[in-house]
> 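Attaching a single structure in structure tokens format; questions to follow.
These figures come from a predicted structure and were not determined experimentally. Values below: all heavy atoms of this structure, side chains included; hydrogens, waters and symmetry mates excluded.
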Amino acid sequence: MAVELYLLLLLLCGSTVSEVQPLHKPPPGTLDFGFVPAKTYDTNAYHEPGPIGIVFRLVHSFLYLVQPNSFPQDLIQKLTQQKFGNVQGDYQKPENVVLTLQAIYYEIGFIVPAALGLLFVLLLPLVGLCFCMCRCCDNCGGEMHQRQKKNADCRRGCFATFLFVASLIISIGVLCAYAANQHLTSQVRGAKNLVHSNFKDLRIFFNNTPGQIDYLVSQYNTTKNKALSDLDNVGPLLGSRVQERFAKEVRPALDAALTMAGAIRETKEALENVSVSVEVLQEGTERLHSNLTDVKIHLSNTLSDSACSAAQAASTCNIIRNSLNQLNINANFSGLPGVSTQVAKVNDVLKIDLSSLVQKGYAAFNNTPDLVLNQTRNILSAVPYIKNLLDFIGSNITSFTKMLPVQKVLADLTIYLTQSEAYVQDYFPVVEQYDFYRWLGCLILCCMVILILVFYYLGLLCGTCGYDKHASPTTRGCISNTGGNFLMAGVGFSFLFSWVLMIIVVITFVTGGNIEKLVCEPFEDRTLFKVLDTPYLLNRHWRNYLSAIVLKNPDINLTFEKVYSDCKENKGIYTTLHLENLFNINEFLNISMYTEDVSLKIEHINVNLSNIVLLDEIGKRNLLDFSSSGIDGINFAAYLTEINKSVTKVDLLSFANDLEARADQLPKGALENALKGHANSIRMIHNQQVVPLEQAMKYVKARSTLNQSIRLLQRTSSEFMVKVRNVISAVDAAQFLISNDASLVIIQETKKYMDMIIGYFEQYVEWVKESITMEVAACKPIANVIDTAVDIFLCSYVIDSVNTFWFGLGGCSIFLIPAIICAVKLSKYYRRMDTEDVYDDSSVSGTWHFTL
């Protein structure tokens, strides 16, 4: 019945187990299917014993010392598969004898302690009986006479110490046993909540599964709606894909052309700046040149005066006359070649708006989606057919889900679960009642030990407090005598109870120890599952028992260990139980049979993009005209040379000062005054013309603009021809690609578009597969039930408590033996004797007499 619950899950993974593998592996757009509805399970299959866990670990260490052998996996497999007793003489077969010896060898760690325990059970009552009879005959310490010895105080102290230590160890043991008894009872009482939590998780598991299945089925509509939406928008979507393919070539070419249009405008601006700046500088330098020429003529006329012929002035006049050539401008902008021709050619180029032509190319290219839309009407006509096909697939899924008796199976399982829970609730009080009887019996056993301890502690207390070392054995006090009687009472009860305690210890030791070593430890490391997974172990005709029960096929590799591990990881029951081996439902979800029709409908796309013109011949001719505008013929070196020159050949202030100094060397008269007048004129020219040319904003800006423009033109002019050719080549290549390769690109993008549509369904199938594997019907509650039953209840609650109980009680039983010996010996020193040894001085020296 449980298998039928998951038949519906098989529906959603048909294509994953299909023999026809999908041929399309595109990177489809990611679909958001949301999250499969999931519930949180309450059970936490983990138990922390608390402080008593320290004792549990100590018992585990003791068991490892007793049984250090590893889990006998091979031995258990052989013993399970071997039949004993079916035929007379089976036990005498060599292989059976060997198996028996191997089992004995493995159990030797339990057999030897158990044998010693049984020997303890048999001998201790006999020893007690003989000891009692011996004392009745005034032997074995029964005679009420104590011989005086020199080391009596030392012996008494040693016996008292040994008895106290033994009693203390017994007390620890009985405390461990009592704690284990209480722990088991408290855990059994608290197990009701744990059992209820497991039933609740199983109910959630059953109730949540149909909702998860319905959610997976409903998400088919998400895939269908996305596919239909893309088909309705086939023009824009396919056009965008085609545009993106061409954009890698087209956009860089158009960008380069647009950049070149901007470069043309920048070139025009630079040429105009050169022309204007040169005019401004020419104006200033020509006026300066005219004034300097006048000064130089006047100065030359002055030097031609007869006064310069005198002997005192001749040499000075010659020096001044020789320096007149320095009175001239240095930067001559009037001699620079003009750029009017280049400006005119660039203006002619700019009469055609290249940027507008490029923008038209952009607009034509950006209109690709509309062109594709107008030419894909045949796809839109096929959308109703594809929609009906997708609806047909969805109706098949829905109809198949209705055919499966999921609700009936769930209802039956829920009824069975409810009945099981009611059964547990009804019988749990019985379990608690029997646990109370067990608790009471264990408490009685602990009380037996406590009774013995009470006698021993009272004997030690009374004997130690009432003992008087100055009193003779026959005159000991009542308290000391009572202490000795308590010790002998403890000895008597030890003989009466110890064999009963040891019987319980042996039984619980053998049982609890073997369950711990053969069940709990191999369950923890999952070795126990490997035994259960042994081929032909549980059924001689089935290789895999679990697959034969669940899948009706013993050859499928379905193991207990794998099922438990998958459920422990909270994987889906479909993957865990390999339910894909039950039914072949490819016809219900295998979309490969429908994709061929969809592909044929889509592949009949024929789109013509020859109407797209990126840059016409006028634009290309415009670029070529610009490259032949003659900008590269400008003498940039001449411009840069004049820009870097100073305004005049000599500093006019220095020249004027030098002229005035030389005039002072001449005799006083008209010549000296005339030369000084000329010096002042030179200073005036410097201040009124040279300084403005060097510092006035008008001339500084003109010089700076000229420098920047010339350098810009120099830098770009050498690249214009190459750039123009590259731009035209890039545009031609992109245009060729659109005109000649458009059909191939459209076919390729159409194929990708078809793959994207089909990829939605493949993505849906992969999502269903992943959801079934990890989320749908996650079987964590099943692993929790197993962990609760074995790991928590059996091992942690019961076996750990039982093992701790026999560990504590066994220690008590063993240490009762030295306690009996010490108590018997010590009681002689506390009890009042009937006779004693007395030394008589009147008698022969060295003779002792008994005094009654």
Side-chain angles (χ1 to χ4, degrees), residues 113-144 159-160 162-181 437-463 481-511 802 805-831:
L116 294 176
L118 293 177
L119 188 64
F120 181 94
V121 172
L122 294 176
L123 293 181
L124 200 64
L126 293 177
V127 172
L129 179 62
C130 294
F131 179 73
C132 181
M133 295 176 63
C134 183
R135 287 184 66 86
C136 290
C137 297
D138 291 337
N139 294 316
C140 303
E143 181 184 9
M144 300 300 289
F159 287 137
F162 290 152
L163 178 60
F164 178 75
V165 172
S167 300
L168 191 60
I169 295 175
I170 295 172
S171 301
I172 296 174
V174 75
L175 284 176
C176 291
Y178 177 78
N181 186 36
Y437 296 151
R438 179 210 54 79
W439 173 82
L440 188 60
C442 294
L443 185 62
I444 291 173
L445 294 175
C446 292
C447 289
M448 291 179 181
V449 180
I450 293 173
L451 180 62
I452 296 172
L453 287 174
V454 169
F455 283 123
Y456 283 156
Y457 283 128
L458 288 176
L460 287 171
L461 181 62
C462 294
N481 184 59
T482 302
N485 292 334
F486 277 138
L487 292 177
M488 292 308 298
V491 172
F493 281 111
S494 296
F495 281 116
L496 288 176
F497 297 152
S498 58
W499 64 278
V500 177
L501 298 176
M502 186 55 70
I503 289 176
I504 302 299
V505 168
V506 171
I507 294 174
T508 53
F509 167 71
V510 174
T511 304
V802 169
F805 183 79
W806 64 250
F807 182 76
L809 211 59
C812 295
S813 302
I814 292 173
F815 278 94
L816 282 177
I817 296 176
I820 289 173
I821 297 173
C822 292
V824 171
K825 292 289 187 181
L826 185 60
S827 65
K828 273 285 190 177
Y829 294 94
Y830 292 157
R831 299 179 70 189

> Should the heavy atoms of other residues, nucleotides or ligands under 6.0 Å from CZ of F162 be counted, would the total exceed 12?
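Count not over threshold, so no.
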> Run C442 and R438 through side-chain contact (heavy atoms from CB on, under 4.5 Å) and show every step you take.
CA-CA 6 Å; C442 294; R438 179 210 54 79; 3.7 Å; yes
> Please evaluate residues C176 and F807 with respect to the criterion side-chain contact (heavy atoms from CB on, under 4.5 Å), reporting the C-alpha separation (whole Å), side-chain torsions for both, the decisive distance (0.1 Å), and the verdict.
CA-CA 8 Å; C176 291; F807 182 76; 5.6 Å; no
> Examine distances only and state if a side-chain atom of T511 and a backbone atom of T508 form a donor-acceptor pair shorter than 3.5 Å.
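Not confirmed, T511 side chain does not pair with T508 backbone.
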> Going from CD1 on I504 to CZ on F509, what distance comes out if it is rounded to the nearest 0.5 angstrom?
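One gets 15.0 Å once the value is rounded to the nearest 0.5 Å.
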> Check M448 against L501 and note the closest heavy-atom contact, atom names and distance.
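Taking every non-hydrogen atom into account, SD-CD2, 4.3 Å.
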> Assess the residue pair W806 and V506 against the criterion (side-chain contact (heavy atoms from CB on, under 4.5 Å)); give the C-alpha distance rounded to whole Å, side-chain angles, the decisive distance to 0.1 Å, and a yes or no.
CA-CA 8 Å; W806 64 250; V506 171; over 6 Å; no
> To the nearest 0.5 Å, what is the distance between CG (L461) and OG1 (T482)?
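Rounded to the nearest 0.5 Å, the CG-OG1 separation comes out at 11.5 Å.
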> Looking at every heavy atom in both A819 and I170, which two are closest together, and how far apart are they?
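That would be CB-CD1, 4.3 Å.
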> Between SG of C446 and CG of L451, what distance do you get to the nearest 0.5 Å?
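Result: 13.0 Å between the selected atoms.
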> Start with the C-alpha distance between L129 and F495, add both sets of side-chain angles, then the distance that settles side-chain contact (heavy atoms from CB on, under 4.5 Å), and finish with yes or no.
CA-CA 8 Å; L129 179 62; F495 281 116; over 6 Å; no
> Does the side chain of L123 come within less than 4.5 Å of W499's, by heavy atoms?
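No, every pair of side-chain atoms sits at 4.5 Å or beyond.
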> To the nearest 0.5 angstrom, please state how far the OG atom of S827 sits from the CG atom of N481.
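Going from the OG atom of S827 to the CG atom of N481 covers 10.0 Å.
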> Give me the ring orientation class for F486 and F455: parallel if the planes are under 30° apart, tilted from 30 to 60°, perpendicular past 60°.
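F486 and F455: tilted rings.
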> Exactly one of L445, I450, I172, V174 should register a side chain to side chain contact (heavy atoms under 4.5 Å, CB included) with C812. Which one does?
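Exactly one option meets the side chain to side chain contact (heavy atoms under 4.5 Å, CB included) with C812, and it is V174.
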> Check L163 against L826 and note the closest heavy-atom contact, atom names and distance.
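L163 and L826 have their closest heavy atoms at CD2-CD2, 4.0 Å.
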> Rounded at 0.5 Å granularity, tell me how far CG in L816 sits from CZ in F120.
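Going from the CG atom of L816 to the CZ atom of F120 covers 6.5 Å.
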> I need the minimum non-hydrogen distance between A823 and Y456, along with the two atoms involved.
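Where A823 meets Y456 most closely, the heavy atoms are CB-CE2, 3.6 Å.
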> Kindly give the heavy-atom pair with the smallest separation between A180 and F805, and that separation in Å.
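Minimum heavy-atom contact is CB-N, 3.7 Å.
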> Heavy atoms only: give me the nearest S494-I452 pair and the separation to one decimal.
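Closest approach of S494 to I452, heavy atoms only: OG-CG2, 3.3 Å.
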> Quick check for you: to the nearest 0.5 Å, what is the distance between I169 atom CD1 and F815 atom CZ?
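I169 CD1 to F815 CZ: 4.0 Å, rounded to 0.5 Å.
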> Around atom CZ of F164, are there more than 12 heavy atoms of other residues, nucleotides or ligands at under 6.0 Å?
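12 or below, so no.
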